[in-house]
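Note that this is a predicted model, so its numbers are computed, not measured. Below, chain A is the first sequence line, B the second, and so on; all start at residue 1.
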Amino acid sequence: MESSDGEDVMKHRVHLRPISLRDADPVTLHLLPCEVPVNRSAPVERFFTPAIRQGPDGLEVSFRGRSLRGEEVEVPLDLVGYVMVMEEKGEVLGKHNFSKGSKNEEELVEPPEALERDFDRSIGASASFSRFTIWGLETIPGPDAKVRAALTWPSLAEAIHAPVPED
Amino acid sequence: MDLSELERDDTGRCRLNSPVPAVCRKEPCALGVDEAGRGPVLGPMVYAICYCPLSRLTDLEALKVADSKTLSESERDRLFAKMEEDGDFVGWALDVLSPNLISTSMLGRVKYNLNSLSHDTAVGLVQYALDQGVNVAQVFVDTVGLPETYQKRLQQCFPNIEVTVKAKADALYPVVSAASICAKVARDQVVKNWQFVEKLQDLDIDYGSGYPNDPKTKAWLRKHVEPIFGFPQFVRFSWRTAQSILEKEAEVVTWEDSPTEDQAGLGRITSYFNEGPRTRPHLYHRYFQERGLEPATTL
């Protein structure tokens, strides 16, 4: 319905470094009902994890003095969760270091066209996960949680992108 | 005073009580309510009740109980020990409200202010004494907020008890003085033995009185602020002092119920007449909006 009419939409071509998927170690993730608009590491293991309690209606913790209720979410069986990070812009244009990957992978990622600055981006996985904890402000997020619904997208995406048999 | 239950988990609240003296079940009793640690930005708030038969009030007075604020720590400890010795006619109970409970109550979606929390805790303790079979005839309370409204509220909860709410009740009535001693002894002990749930590095336990105007307390707060998590749970996040340190020295956190700039803009009526630049953000299909999904062109 919403056609792409805006010039305000930044177009990029994203390249995934497949090797990073293989190297991604499992990680514990918490999805909080708030935003901290900054990109920095946080001492989750020292401040957050030890404060989690099992309450009568799910997990309990507090963040910045506000009460949170949480529950575990499993990544659907046929999927794997990855934490993706944007790689340095320069890296896309610079020499690709795919030497560790197999020939196959190299062929996979080799873009058919030349790479352009500000257009081509490279992403890689920094960690993997098969489950994570979602937290709601004072109540458990429950079955209506956005992220639960988001997990249904891959199967729909697969269906709508599958070639339609001609007959 | 055995506060080990609280030391195991100090994220919620904890109730503690003496055995009920047999005479307090038979004879009509006076019951005093008082609190300790209402003002500090650190540590728990403790509510206490203390009761004894009306016929034995002079014996309680003879212990020379006084407003806990006028007593030294050792005097309070000594008096509390004496009340324990007089356990055949003096009983007490307390409710320790952890700083985490105070923070999460006051910062809830529906704000639960400290006065309401205090009133409900006091009512809860009086009810607890009644449930234990104490024959409560009179209740004396040191006021929190306006004495009239507090008195009315308590009287409504306990129509068969004679309720007196008064400022400085802790100095006027020995049962309230005794309650204030119980509360203060418990608060001091909890603060002294506080078990930080967080794994803190070079923890400094010299936090002064815990009152917001104490320079030592302020210095401690500044030292232990963490950019993402803010403070350990020992701190009452809802306190002005804590909030202003967070505003200056920690990252901004936006909650789903935080007022957004959009809403703030809607307040001004002139905004409707102002055409302004039309920068409508590009919206994706509702299917994606409802799932919080966006194409990952950048991360």
Side-chain angles (χ1 to χ4, degrees), chain A residues 1-2 4-14 16 32-53 55 60-68 83-87 119 121 123 136-139 144-153 156-157, chain B residues 9-12 98-110 195-201 226-233 235-239 242-243 246 250-258 279-299:
Chain A
M1 268 200 273
E2 295 278 344
S4 50
D5 51 7
E7 284 139 56
D8 51 335
V9 187
M10 287 272 278
K11 294 263 197 253
H12 295 290
R13 185 163 53 196
V14 179
L16 170 67
L32 268 57
C34 60
E35 280 179 39
V36 188
V38 65
N39 197 4
R40 62 186 293 168
S41 66
V44 179
E45 289 302 317
R46 292 198 293 115
F47 272 80
F48 194 78
T49 316
I52 300 174
R53 300 280 181 274
E60 296 176 0
V61 81
S62 70
F63 177 66
R64 291 283 184 107
R66 303 204 70 178
S67 171
L68 307 183
V83 180
M84 307 305 289
V85 286
M86 207 75 178
E87 287 169 357
F119 182 62
R121 299 287 170 94
I123 61 170
L137 186 56
E138 290 165 28
T139 46
D144 295 333
K146 261 189 179 181
V147 69
R148 283 193 193 277
L151 290 172
T152 62
W153 164 240
L156 179 62
Chain B
D9 186 7
D10 50 27
T11 63
S98 72
N100 185 54
L101 181 96
I102 296 170
S103 303
T104 53
S105 299
M106 291 175 73
L107 298 175
R109 279 178 190 273
V110 180
Q195 304 293 312
F196 284 84
V197 288
E198 300 84 5
K199 294 181 189 117
L200 300 173
Q201 286 155 348
E226 202 290 319
I228 303 294
F229 294 98
F231 296 110
Q233 285 189 5
V235 177
R236 301 181 190 172
F237 282 75
S238 43
W239 254 238
Q243 294 279 341
L246 287 181
E251 301 295 350
V252 175
V253 172
T254 321
W255 294 89
E256 55 190 29
D257 63 345
S258 306
T279 49
R280 235 188 25 174
H282 179 78
L283 294 175
Y284 295 99
H285 188 274
R286 201 160 52 90
Y287 176 90
F288 297 108
Q289 283 185 52
E290 284 169 359
R291 284 157 181 79
L293 291 168
E294 278 174 44
T297 51
T298 49
L299 294 175

Just give me the residue among B:G12, B:A250, B:P232, B:G108 that pairs up with chain A most often, heavy atom to heavy atom, under 4.5 Å. B:G108
For A:L32, is it the side chain, the backbone, both, or neither that has a heavy atom closer than 4.5 Å to a heavy atom of chain B? neither
Quick one: which of B:L101, B:V235, B:L293 has the most heavy-atom pairs under 4.5 Å with chain A, could you say? B:L293
So which of B:T104, B:T11, B:N100 actually passes side-chain hydrogen bond (donor to acceptor under 3.5 Å, both in side chains) with A:S62? B:N100
Under 3.5 Å, which donor-acceptor pairs do the side chains of residues 35-45 of chain A form with other protein atoms, sequence neighbours left out?
from: A:R40; atom 1: NH1; to: B:E251; atom 2: OE2; distance (Å): 2.7

Side chain, backbone, both or neither: which part of A:L151 has an atom under 4.5 Å from a heavy atom of chain B? neither
Quick check for you: among B:S238, B:G292, B:S105, which has the greatest number of heavy-atom pairs under 4.5 Å with chain A? B:G292
At a heavy-atom separation under 4.5 Å, does B:A242 approach chain A through its side chain, its backbone, both, or neither? neither
So which residue, B:W255, B:F237, B:F196, B:F231, ends up with the most heavy-atom pairs under 4.5 Å with chain A? B:W255
Decide whether a cation-pi geometry holds between B:R291 and A:W153; the criteria are a distance under 6.0 Å from NZ or CZ to the six-membered ring centre and an angle within 45° of the ring axis. no
Kindly indicate whether the side chain of B:Y287, heavy atoms from C-beta on, has any atom under 4.5 Å from the side chain of A:T152. yes
On a heavy-atom basis, the closest approach of A:R64 and B:L246 is CD-CD1, 4.3 Å
Side chain / backbone / both / neither for B:P99 at chain A, heavy atoms under 4.5 Å: neither
4.5 Å side-chain heavy-atom contact, A:R53 and B:V197: yes
Which heavy atom of A:R66 sits nearest to which heavy atom of B:L107, and what is that distance? NE-O, 2.9 Å
Check ring-ring contact (aromatic ring centres under 6.0 Å, His included) between A:F47 and all other residues, then give those that pass, not counting sequence neighbours. B:F229
For the pair B:Q233 (side chain) and A:A51 (backbone), establish whether a donor and an acceptor sit closer than 3.5 Å, ignoring hydrogens and angles. no
